[in-house]
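The next block holds one structure in the form of structure tokens; read it before the comments.
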2 protein chains.
Amino acid sequence: MCIDSKKAKEILKNLKLRPTIQRIAITETLIKQKEIHVTAYLLKRMLAENKVFISRATIYNNLNELSNKGFLKKVLVKKGKMWFDTNLSKHHHFYDEEEETLADVAEKEIKFSKFPKIPNGKRIKSVDIVINIKKI
Amino acid sequence: MCIDSKKAKEILKNLKLRPTIQRIAITETLIKQKEIHVTAYLLKRMLAENKVFISRATIYNNLNELSNKGFLKKVLVKKGKMWFDTNLSKHHHFYDEEEETLADVAEKEIKFSKFPKIPNGKRIKSVDIVINIKKI
DNA sequence: TAGTAATTTAGATTCATTCTAATGATCTAA
DNA sequence: TTAGATCATTAGAATGAATCTAAATTACTA
Ligand SMILES: [Mn+2]
Ligand SMILES: [Mn+2]
Ligand SMILES: [Zn+2]
Ligand SMILES: [Zn+2]
């Protein structure tokens, strides 16, 4: 257990989630870096590298629970694989398919001078901007 | 066979794809409306409503081939389901998750007054903007 | 019209994700 | 503290979209 273990427990307490060994380890991993983008598989691998072995179902259960509680955001950039993001601010992404990496674009880095009219009877839920990049 | 059958054959000829019964029916369905957004499942259902029964593999083979040949664009708006789009112009989308519908946003409807700096050594491949909407 | 190359197909396979239901851990109230 | 209740974890099965396989059929070309 590293320093972050305490912070992790604190976070779980605030989210009213029982501080199980698995949840603490997952949360610790997520807060170790200031911001992180992971898939379920990536997170499982990161934990395994630290000799923490958590079942697939638990990884998914907790990523989903942490998302539902507002501690993570879901980001979709490619068919069939969900990314989870600890950057909770409204923001956008660079996605590098070749390197399978996601990077943040702060909301203030994008400004519109023209934006489409929303269809009648509808309202905006969210605006997702993905800038797909590749090596020159 | 409706009027569009001839057009469909013409299109396939230009794309250098053999005009099989299945391909003609698929292409006909896609050009019946000026613009169309379909998933593989939706297309299969549309064909079945017209008493044309085509196997799943063939639906996918042809949607992918038509995409590779540049007759369709792929659009990703939700985890795990690919949409195919006959609007070939560069454009963006409204996505209504409640109604599972995709609608076009012309490129000229969106203008940026500020856009992020692309990371060194990288270039933009594409910019995907999805405006998620829901009923008021 | 024969030979070959492309196409279609049912069913198997893959991959990410969710579900199931049995086991184990944590919490709470007495 | 502990009993009981609730919640969490897990292996493995199930799901759903998409792809693969390999055998049968169809379309093209000489
Ligand atoms: Mn630690
Ligand atoms: Mn017809
Ligand atoms: Zn992010
Ligand atoms: Zn479109």
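Protein chains get the first letters and strands the later ones, always in sequence-line order, with residue 1 at the start of each.
- One finds no salt bridge joining Lys134(B) and Glu97(B) here, because no Lys/Arg side-chain nitrogen approaches an Asp/Glu carboxylate oxygen to under 4.0 Å.
- Salt-bridge check for Lys6(A) with Glu10(A): failed, with every basic side-chain N at 4.0 Å or more from each acidic carboxylate O.
- Using a 4.0 Å heavy-atom distance criterion, Arg56(A) is classed as a base contact.
- When distances run from any side-chain atom of Ile54(A) to the nucleotides dT26(C), dT10(D), dA10(C), the shortest one goes to dT10(D).
- Distances shorter than 4.0 Å separate none of the side-chain N or O atoms of Gln22(A) from OP1 or OP2 on dA25(C).
- Between Thr58(B) and dT9(C) there is a side-chain polar atom (N or O) within less than 4.0 angstrom of OP1 or OP2.
- At whole-Å resolution of the value, CG in Leu76(A) and C1' in dT17(C) are 14 Å apart.
- Atom CZ of Phe115(B) sits in a crowded spot, with more than 12 heavy atoms from other residues, nucleotides or ligands closer than 6.0 Å.
- OP1 or OP2 of dT8(C) sits under 4.0 Å from a side-chain N or O of Thr20(B).
- Rounded to whole angstrom, the span from the CZ atom of Arg23(A) across to the C1' atom of dG24(C) amounts to 14 Å.
- Per the geometry, CD1 belonging to Ile26(A) stands 12 Å off P belonging to dA8(D), to the nearest Å.
- Residue Lys114(A) places its NZ atom among more than 12 non-hydrogen atoms of other residues, nucleotides or ligands, all under 6.0 Å distant.
- Atoms NZ (Lys78(A)) and P (dA18(D)) sit 14 Å apart, rounded to a whole Å.
- For dT18(C), the OP1/OP2 oxygens have a side-chain nitrogen or oxygen of Asn64(A) closer than 4.0 Å.
- Under the 4.0 Å criterion applied to side-chain N and carboxylate O atoms, Lys78(A) and Glu100(A) are not assigned as salt-bridge partners.
- Residue contacts for Asn62(A): at a heavy-atom cut-off of 4.0 Å it reaches the sugar-phosphate backbone alone, with no base atom in range.
- If you take CD of Glu65(A) and P of dT17(C), they are 17 Å apart, rounded to a whole angstrom.
- Proximity note for Pro19(B) (side chain, C-beta onward) versus dA18(D), dC27(C), dA27(D): the nearest is dA27(D).
- Phosphate proximity of dT17(C) to Tyr60(A): present, with a side-chain N or O under 4.0 Å from OP1 or OP2.
- Protein atom CG of Asn68(B) is 13 Å distant from nucleotide atom P of dT7(C), rounded to whole Å.
- The distance from atom CZ of Phe53(B) to atom P of dT8(C) is 17 Å, rounded to the nearest whole Å.
- What separates CD1 of Ile59(B) from P of dT7(C) is a distance of 16 Å, to the nearest Å.
- Closest approach to the Ala57(B) side chain among dT26(C), dT9(C), dT10(D) is made by dT9(C) (side chain taken as heavy atoms from C-beta onward).
- Neither side chain, His92(A) nor Asp104(A), offers a donor N or O lying under 3.5 Å from an acceptor on the other.
- Across dT17(C), dA27(D), dC27(C), the shortest atom-to-atom separation from the side chain of Arg18(A) is found for dC27(C).
- Comparing atom distances between the Ser55(B) side chain and each of dT9(C), dT9(D), dA6(C) picks out dT9(C) as nearest.
- When each of Lys81(B) and Asn61(B) is assigned the nucleotide of DNA chain D with its nearest heavy atom, Lys81(B) is the one assigned upstream, toward the 5' end.
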